[in-house]
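Remember, it's 1-based here, ligands and their atoms both numbered in the order they're listed.
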Amino acid sequence: MYWMQRSQRGWNNPALALALELANERRSGLWVLCVLDGQYPEANSRHFTFLLEGLLDVRAALQERGIPLVVRTGSFLTEVPAAAAGAGILVCDEHPEPFGRALRSAVGARVDCAALAVEGDAVLPPALLADHAHIGARTIRPAVHRLLQEFLQPLAEPDLIGPAGSPPREGVELADIGALIRRLGVPELAPARQLHGGQTAARSRLRFFIENHMEGYADNHHRADLEVSSGLSAWLHFGHLGPTEVALACMRSAAGAGGGLSSGPGLDAFLEQLIVRRELAINAACFLPGYGTPAMVPSWAQKTLDEHASPWGDVVSEAMMEACDTPDPVWNAAMTDMKVHGTMHNYLRMYWGKQVLLWSSGWREAFASLLRWNNRYFLDGRDPNGTIGVAWVFGLHDRPFGRRPVFGAVRSMTPKGLARKFDTLAYIRKVEESLPHDQAPPDRL
Ligand SMILES: Cc1cc2nc3c(=O)[nH]c(=O)nc-3n(C[C@H](O)[C@H](O)[C@H](O)COP(=O)(O)OP(=O)(O)OC[C@H]3O[C@@H](n4cnc5c(N)ncnc54)[C@H](O)[C@@H]3O)c2cc1C
């Protein structure tokens, strides 16, 4: 049995490929289990809508491959062992975060068969990059480049030779996603209607990026007024697309008709984010003490932030921030984009975080608000990239800079600096025009 949890895709899935290989060696059947657990940390109906849209694609792909999919609702801890009762081997996806690792250990301890976890959502196995938390991109980059060629390889997609597996239990229907989500009892949040989950939508977005924006990525990816970045993070988060497939598709396309794998400024800048930055976040999820709490902020940054209180604490409240009603119209637009569409431009996320640090009564309060909003509203939230992104605002993976009010030696960002990078008025207009017709823009946009 393959328990699909982090790599939710029916093609180009290393755990599924291994499960198929093992089934074929034994001439036995294979089935795939997916559990919808309403208790998943910080999950809400927006996240589950995207996830279930993705499962429709998984179901179609597995049908084509002759492999039964069983979707169950309930607790991972009871559903996975119960479904694995008749299995010879359990294959599952790796997970870098403490919650995911603890869950795999607990499930592994409750099944009678051998259990194997496969890394399908990092290009490189985190344990090969280090057995400790890297200090920053500059320390992990050489290790990534040393191993990249060996691991950046296309995946073989074997067919199932033996009979289709016979899952021991029936699953739920996927016909009515809304009803299924209501049954899970998760907090309600309007779906992010501009993005749809699933491998098909993810691959079409990847093609669009390669054809239109990859070449100009190095020069323009900081421009929030243009849509130059890939926009792939939500699909990467749900495992609807794997980073190896993305990197190989980009490299093949850059090589053109000549074949092989190529490089170029746009491609190199993109791979720096997709592989180096992303694997740095995964490394921190695996090894950084205090992951997910203010304790993950480096001690030099904690010290300097403790010394600098904010005069803004009483002027911009947390409620004003959540209502997109601060004195900063660009920030309000970014927060609106996040709340309505579940996303925010790459470059603006750091500014968004820095302003919350500026306005909050203390840096620990700012950390808590940012992580809560990040994980509630973003489709790509609840991910190592988000936890590390938030801690980056407070100096993680960064160095000390000249002292500034509130920020101390932590790097600051200003509205003026932002306006030098892109046309902020055009960005605000873009967000305003993207709102659904029945949604009034915030007053201070
Ligand atoms: C405060 C803050 C919060 C963030 N929250 C999240 C989050 O919840 N989920 C999330 O996936 N990313 C988060 N990021 C990282 C980054 O901003 C997003 O990954 C990026 O904006 C996604 O847009 P894109 O797919 O168009 O990125 P692109 O620019 O097209 O980059 C391609 C891919 O590279 C990866 N990537 C890009 N930037 C980073 C980065 N700084 N660190 C790690 N990986 C990166 C992502 O997987 C991304 O999809 C956060 C950053 C900050 C500063």
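Close approach of ligand 1 to Gly381 is summarised as follows: ligand atoms under 4.0 Å from at least one heavy atom of the residue are 8 (O). If you number the atoms of ligand 1 from 1 as listed, the ones under 4.0 Å from a heavy atom of Ser233 come out as 11 (O), 22 (C), 23 (O), 25 (O), 49 (O). Which parts of ligand 1 touch Arg278 is read off a 4.0 Å heavy-atom cut-off, strictly below it: atoms 43 (C), 44 (N), 47 (O). Listed by number with element, the atoms of ligand 1 under 4.0 angstrom from any heavy atom of Leu274 are 34 (O).
Residue Leu236 touches ligand 1 through its side chain alone, judged by heavy-atom distances below 4.0 Å. Both the backbone and the side chain of Ser230 come within contact range of ligand 1, each with a heavy atom under 4.0 Å. Contact annotation for Asn374 and ligand 1: only side-chain heavy atoms (C-beta onward) come within less than 4.0 Å of the ligand. Here Trp392 has side-chain heavy atoms under 4.0 Å from ligand 1, and that is the only part of it that gets that close.
Distance check, rounded to the nearest 0.5 Å: CH2 of Trp352 to CG of Asp328 gives 13.5 Å.
A perpendicular orientation is assigned to the rings of His213 and Phe208, their planes being inclined by more than 60° (bins at 30° and 60°). Under the 30°/60° scheme for interplanar angles, the aromatic rings of Trp3 and Phe76 are found to be tilted. The aromatic rings of Tyr347 and Phe422 sit perpendicular, their planes meeting at an angle over 60°, well past the 30° parallel limit.
A side-chain donor-acceptor contact under 3.5 Å links Asn375 to the backbone of Arg382.
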Under 3.5 Å, which donor-acceptor pairs link side chains of residues 389-402 to any protein atom two or more places apart or in another chain?
| from | atom 1 | to | atom 2 | distance (Å) |
| --- | --- | --- | --- | --- |
| Asp398 | OD1 | Arg411 | NH2 | 2.9 |
| Asp398 | OD2 | Arg411 | NE | 2.8 |
| Asp398 | OD2 | Arg411 | NH2 | 3.3 |

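For ligand 1, the polar-atom distance check against Phe270 finds no nitrogen or oxygen pair separated by under 3.5 Å. Close N/O approach between Gln273 and ligand 1 is found [any backbone or side-chain N/O within under 3.5 Å]. Inclusion of Asp383 in the set of residues having an N or O under 3.5 Å from an N or O of ligand 1 is not warranted. Checked by distance only, ligand 1 and Arg382 stay at 3.5 Å or farther apart across all their nitrogen or oxygen atoms.
You'll find the ring centres of His221 and Phe270 outside the 6.0 Å limit.
The protein heavy atom nearest to atom 29 (O) of ligand 1 is Tyr217 OH, 2.5 Å.
Tyr377 and Glu322 are linked by a side-chain donor-acceptor pair at a separation below 3.5 angstrom, with hydrogens and angles left out of the test.
Ligand 1 has at least one atom lying under 4.0 Å from a heavy atom of Met350.
Evaluation of the side chain to side chain contact (heavy atoms under 4.5 Å, CB included) rule for Val340 yields Thr336, Leu435, Pro436, Gln439 as partners, not counting sequence neighbours.
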